[in-house]
Number of protein chains: 2
Amino acid sequence: MTTQEGVQPMSAAEEAFVRALSRVLQVLPRAVDQDMTRAGQLPLSEYMALVHLSEAQDRLMRMSELAAACDLSLSGMTRIVARLEQRGLVQRVRCEADGRGANAVLTEAGLQHLREAWPAHLASVRRHLLDHVEGEHLETLTQVLQRMVTAY
Amino acid sequence: MTTQEGVQPMSAAEEAFVRALSRVLQVLPRAVDQDMTRAGQLPLSEYMALVHLSEAQDRLMRMSELAAACDLSLSGMTRIVARLEQRGLVQRVRCEADGRGANAVLTEAGLQHLREAWPAHLASVRRHLLDHVEGEHLETLTQVLQRMVTAY
DNA sequence: GGTGTTTGCTTGCTGCGTCAAGCAAATATT
DNA sequence: AATATTTGCTTGACGCAGCAAGCAAACACC
């Protein structure tokens, strides 16, 4: 925490910004997640794990890497991979170089699922997010958002 | 869901934007929440309920209003108010005009808690959000965010 | 090379929020 | 006015994610 005393109160504009963002934070993830599950696809958290895996070298990642990529705790990732493994979309492979380590590997079925699922995901993201942003603002916005989380 | 077939793929800029936003979505609420609980205050969800109540006429709101204001389900709000009531920060009062309805009323203790808690909340919000936004972008950003959630 | 520490992941427990079902008061229908 | 429907909220069951504790493998040190 910072100083805590003598913090400058929010201006009206700041207040509006914070309210809008917290509303977005509250509403959007649920909306996209619902779109996906209603379309018969995986929940967003599991889908994102697959996406990260699909982009990785050999479609394989250490559990800790994957957790970091998804901004989830390691234990959370353990359970997500467990669910994905049950569905046969991912396989857990003990790490050769380090016997403690586990790798999550995207299976062929996982890749296939991703091929089927991405249009639904993309459509949802377009509808909820991108359709509301004018192109000229896109980069500014991205920069601001990135700065908010670079500390982590 | 929208059409689902023939959705336009994302440009690199769009992709970056979506990733940045989803990272923010994932990380920021937890960060602020942790700041508040570490500062010995209520979790963010309960704090926000108090804030909304404090701004209401007679510091009193119907459960359903409050749930809508906080973007939570009614059942979720039932539980939050139950927790707040246990701490004596809120009181539940049957609605006079409509015997089914329940009002949540902010108690004096609740108001007092709010007076103590807001600096911590404000500091956290400044640190995580506002410090990263230059004034000139604030309004643009607010507009975009507002448009994203006006549908709900 | 044996003991102590660190690292990488998993598991038990807990809290939160959702959905679906339940219940009671209010309103509509006849 | 008696019954059926709707409305407003609560409760039960569930799933998800986090923390803290646990467990093995790896490394470090003597």
Side-chain angles (χ1 to χ4, degrees), chain A residues 22-23 25-38 42-49 60-87 90-105 152, chain B residues 22-23 25-38 41-49 53 60-87 90-105 152:
Chain A
S22 67
R23 209 166 142 63
L25 258 51
Q26 194 85 300
V27 164
L28 276 187
R30 263 209 290 283
V32 173
D33 199 85
Q34 281 193 356
D35 281 350
M36 306 227 1
T37 49
R38 268 204 283 264
L42 294 178
L44 190 54
S45 57
E46 301 179 17
Y47 176 82
M48 288 309 294
L60 170 155
M61 279 176 122
R62 292 290 287 267
M63 292 299 292
S64 43
E65 287 181 88
L66 190 52
C70 296
D71 294 307
L72 279 174
S73 69
L74 193 46
S75 68
M77 191 46 74
T78 293
R79 301 183 206 276
I80 285 180
V81 168
R83 296 197 287 270
L84 290 171
E85 192 173 29
Q86 273 205 315
R87 291 173 185 256
V90 152
Q91 210 177 346
R92 238 189 272 250
V93 180
R94 259 215 162 325
C95 182
E96 302 236 325
D98 184 338
R100 300 163 291 187
N103 288 307
V105 192
Y152 302 92
Chain B
S22 65
R23 209 164 141 63
L25 260 51
Q26 194 86 299
V27 164
L28 276 186
R30 260 208 294 281
V32 174
D33 200 84
Q34 282 194 355
D35 281 351
M36 306 225 3
T37 48
R38 268 203 282 265
Q41 306 301 341
L42 295 178
L44 190 55
S45 57
E46 301 179 16
Y47 176 81
M48 287 310 295
L53 277 179
L60 172 155
M61 279 175 119
R62 291 292 287 266
M63 292 300 291
S64 44
E65 287 181 89
L66 191 52
C70 296
D71 294 305
L72 280 174
S73 69
L74 193 46
S75 66
M77 191 45 74
T78 294
R79 301 187 203 275
I80 285 180
V81 169
R83 296 197 288 271
L84 290 171
E85 193 172 28
Q86 272 204 315
R87 291 175 185 256
V90 152
Q91 210 178 346
R92 238 189 271 251
V93 179
R94 258 215 161 330
C95 182
E96 301 237 325
D98 184 338
R100 301 162 290 187
N103 288 307
V105 192
Y152 302 92

* Which part of the nucleic acid does B:Arg92 contact within heavy-atom distance under 4.0 Å: base, sugar-phosphate only, or nothing? -> sugar-phosphate
From the candidates D:dA17, C:dC16, C:dT10, the one with an atom nearest any side-chain atom of B:Glu46 is C:dC16
Closest to the side chain of A:Asp98, out of D:dA26, D:dG18, C:dG17, is D:dA26
Practice task
Please tell me if the side chains of B:Tyr47 and B:Gln41 come closer than 4.5 Å, counting only heavy atoms from C-beta onward.
Solution key: no
From CG of A:Asp33 across to C1' of D:dA17 the rounded distance in Å is 13 Å
In whole angstroms, the gap separating P of D:dG18 from CE of A:Met77 amounts to 9 Å
Taking for A:Ala97 and for A:Leu72 the nucleotide of DNA chain D with the nearest heavy atom, the one nearer the 5' end belongs to A:Leu72
Side-chain atoms of A:Arg79 come closest, of D:dG8, D:dG18, D:dA26, to D:dG18
**Prompt:** Just to confirm, is there a sub-4.0 Å distance from OP1 or OP2 of D:dC9 to any side-chain nitrogen or oxygen of B:Arg62?
**Reply:** yes
note: B:Leu74, atom CG; C:dG17, atom P; distance rounded to Å ~ 14 Å
From CG of B:Leu84 across to P of C:dG17 the rounded distance in Å is 11 Å
Rounded to whole Å, the CZ-C1' distance (B:Arg94 to D:dT7) equals 13 Å
Whole-Å distance, B:Gln26 CD to D:dA17 P, equals 8 Å
Considering only heavy side-chain atoms of B:Arg83, the closest of C:dC16, D:dA20, C:dA26 is C:dC16
State whether the side chain of A:Asp33 and the backbone N or O of A:Leu44 hold a donor-acceptor pair below 3.5 Å, judged by distance alone. yes
> Think B:Ser75 has a side-chain N or O under 4.0 angstrom from the OP1 or OP2 of C:dC19?
Replying inline: no
Report task. For the pair A:Glu46 (side chain) and A:Leu84 (backbone), establish whether a donor and an acceptor sit closer than 3.5 Å, ignoring hydrogens and angles. Result -> no
Side-chain N or O of B:Ser73 closer than 4.0 Å to phosphate OP1/OP2 of C:dT18 | yes
Rounded to whole Å, the CD-P distance (B:Glu65 to D:dT7) equals 17 Å
Any heavy-atom pair between the side chains of B:Leu60 and B:Gln91 that's under 4.5 Å?
no
Checklist entry - Under 4.0 Å between a side-chain N or O of A:Thr78 and OP1 or OP2 of C:dT11? => result no
When rounded to whole Å, the CE to C1' distance for the pair B:Met63 and C:dA25 reads 17 Å
Exercise for the section: Apply side-chain contact (heavy atoms from CB on, under 4.5 Å) to A:Leu42 and A:Arg87, showing your working. Expected result: CA-CA 10 Å; A:Leu42 294 178; A:Arg87 291 173 185 256; 3.6 Å; yes
Answer with base, sugar-phosphate or nothing: what part of the nucleic acid does A:Gln34 contact at a heavy-atom distance below 4.0 Å? sugar-phosphate
